[in-house]
Amino acid sequence: MTNKNLRSLPAVHVILKTTAIQDLIPSLGQENVVAEIRQYLDELRSLLSKDSNQNLETSPESIGVEVSNRLATNYKPKLRKVINATGIVLHTNLGRSPMAEEAAKAAYMAAAGYINLEVDIETGKRSSRQDSVREWICKLLKCESATVVNNCAAATIIVLKAVAENKEVIISRGQLIEIGGSFRLPEIMKVSNAIMKEVGSTNITRIKDYEAAIGANTGALLRVHTSNYKINGFTESVTIEELIALGKKHNIPVIDDAGSGAVVPLNCKGFGEEPNPVTSMALGADLTLFSGDKLLGGPQAGIIAGKKDWINKIEGDPLMRAFRLDKMNLAALEQTLLLHLNSSTVSQKIPTLKMLSISMDELHQKALQLESKLKQIGCCDKIESKISEGFAGGGTLPDQQMPTWVVDFSSPHLDTQALSHKLRTSQPSLFTRIKDDKIVLDLRTLNNDEIDIAVQVILNALKTI
Ligand SMILES: *Cc1c(COP(=O)(O)O)cnc(C)c1O
């Protein structure tokens, strides 16, 4: 290859000296910058070798600018702040439950330095990391003991393994759910080495179906909350009371996978139907499990509560080492639990509970505020506040549409899909709903201090068209 253009490509060290590149080296480091320059030079060489007459910019300055643009794009953090205007409170793809300030600060404290994770401050001796949350869970659920793992899925695996390895676990056919991400109950049973014994039919399971299935190798009776779907019509299922009574009669442990963990009674539609782990403990279930980041409103965690002997067995399982919670989540979970212990303030302190119980009046006020601010910036069309329907999300209250207030609008210059994409890719990112070809902002998940930011994001997106 001897054509002139190829030979005229500048050397790496020359490009490195250009202003655009020099500005980036302190933050990205020379190695990354050199790698990107080499890669771009390779691309140029390959283009020129195909057609040497191409009109490509090959001065060191223009290459420097192009490489610095690429670096700025490639090294942008992938995780960014999202303003959630979808109205879905427990939005799993948006990180599910936002945490209370106290919990977030505890996570920061644990992350930024050392904490007494596994040491008893009094004696200086080694302790269990579970001691930081065990007592609080026991106070909250009025149970004998408790332990925590990474999430409720991990809790299900370790509980079934500890209680029913190589034994039959009796479960209703109507409760063989998929949690999401192709994580299905029959597969969890396999991972735990429990033998699944299905009883009843999809829509009807009676207590006598469970009783008939009990045999010499029965390890547990399992109730799984069908959190993310509902069967309507001709249906019958067994209550946790009946299942616990049956377990007692035959001396078989009863496990309640409560899923969402509705510990606090909330004044919100359909909430009463969510299984309450406090109730299942009071009724005498051997173990109950639920997520830390659904209706508890804390960090990702799987909480396991119940009889001390079972908790000891679970903590002795080799899987515990793999499933144990890290220091940041433990610190945040402890604060979340402490907030729950004050029942008069919990629904105001925990953002998830606050958003779910916010009144229509308050939502209306917020909607009017947002509507007037959008009208002021003067770049949106057909701005209206109105009553609409939203969802709790996160596999919670699946068939309960919750009335809410929204503001919707469209753009005179951009179609709704394109605008939605533009808002989502903004900095910060703004997630919205689309309905009737309009962008919909739901006030339930939009904090007071996020209203102005959302308006600014919309203004920026529309003024740059
Ligand atoms: C959500 C849910 C799970 C999974 O919980 P993660 O914390 O997301 O792992 C398990 N069981 C039920 C019934 C659920 O609702």
Side-chain angles (χ1 to χ4, degrees), residues 88-99 133 137 146-161 163 169 171-192 194 196 205 220-231 237-240 243 254-263 270-271 273-277 279-280 285 287-306 314 319-320 322-326 329-330 332-333 336-337 352 356 391-400:
I88 299 170
V89 178
L90 295 171
H91 199 309
T92 301
N93 298 350
L94 299 184
R96 248 190 221 162
S97 188
M99 287 194 266
V133 290
I137 300 172
T147 195
V148 293
V149 290
N150 273 323
N151 47 43
C152 194
T156 315
I157 292 174
I158 199 167
V159 163
L160 288 173
K161 178 161 181 281
V163 177
V169 175
I171 181 167
S172 159
R173 287 206 163 82
Q175 298 176 359
L176 294 173
I177 57 165
E178 172 170 322
I179 292 164
S182 63
F183 203 79
R184 296 175 168 168
L185 211 67
E187 281 143 34
I188 297 175
M189 294 254 197
K190 266 195 205 127
V191 173
S192 309
M196 186 170 71
T205 306
L221 306 178
L222 174 65
R223 192 275 288 258
V224 176
H225 177 45
T226 54
S227 31
N228 50 9
Y229 85 108
K230 276 267 167 13
I231 303 181
S237 62
V238 169
T239 64
I240 189 73
L243 208 57
V254 174
I255 302 165
D256 182 18
D257 178 357
S260 314
V263 175
F271 209 85
E273 290 167 35
E274 287 293 312
N276 183 339
T279 312
S280 96
L287 291 166
T288 184
L289 16 151
F290 57 98
S291 294
D293 57 352
K294 289 182 182 170
L295 294 171
L296 194 74
Q300 183 186 303
I303 294 160
I304 306 168
I314 290 161
L319 280 180
M320 196 62 187
F323 287 0
R324 70 187 187 182
L325 212 54
D326 70 287
N329 278 337
L330 261 175
L333 181 60
T336 306
L337 292 164
T352 295
L356 284 170
F391 287 95
T396 303
L397 317 172
D399 63 347
Q400 294 292 345

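Order of listing sets the numbers, starting from 1, for every ligand and every atom in it.
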Any side-chain heavy-atom pair of L295 and V263 under 4.5 Å: no
Step-by-step side-chain hydrogen bond (donor to acceptor under 3.5 Å, both in side chains) determination, Q175 to T226: CA-CA 6 Å; Q175 298 176 359; T226 54; over 6 Å; no
Close N or O approach (H225, ligand 1; < 3.5 Å): no
Sub-3.5 Å N/O-N/O distance, C152 and ligand 1: yes
Residue portion contacting ligand 1 (non-hydrogen atoms closer than 4.0 Å) for R96: side chain
Validation row: Q300, S291 side chains within 4.5 angstrom (heavy atoms): no
Chi angles and distances behind the side chain to side chain contact (heavy atoms under 4.5 Å, CB included) call for M196, V169: CA-CA 5 Å; M196 186 170 71; V169 175; over 6 Å; no
Nearest neighbour of atom 7 (O) of ligand 1 from the list A258, S260, S291, on a heavy-atom basis: S291
N or O contact, K294 vs ligand 1, cut-off under 3.5 Å: yes
Proximal ligand 1 atoms for N151, defined as those under 4.0 Å from one of its heavy atoms: 6 (P), 7 (O), 9 (O)
Heavy-atom side-chain contact between T239 and R223 under 4.5 Å: no
Min N/O separation A301 to ligand 1 under 3.5 Å: no
Pair S237-T205, side-chain donor/acceptor within less than 3.5 Å: no
Close approach of Q300 to ligand 1, heavy atoms, under 4.0 angstrom: no
Donor + acceptor pair across side chains of S280, D256 (<3.5 Å): yes
Ligand-side contact atoms (ligand 1) for residue partner D257, heavy atom cut-off under 4.0 Å: 10 (C), 11 (N), 12 (C), 13 (C)
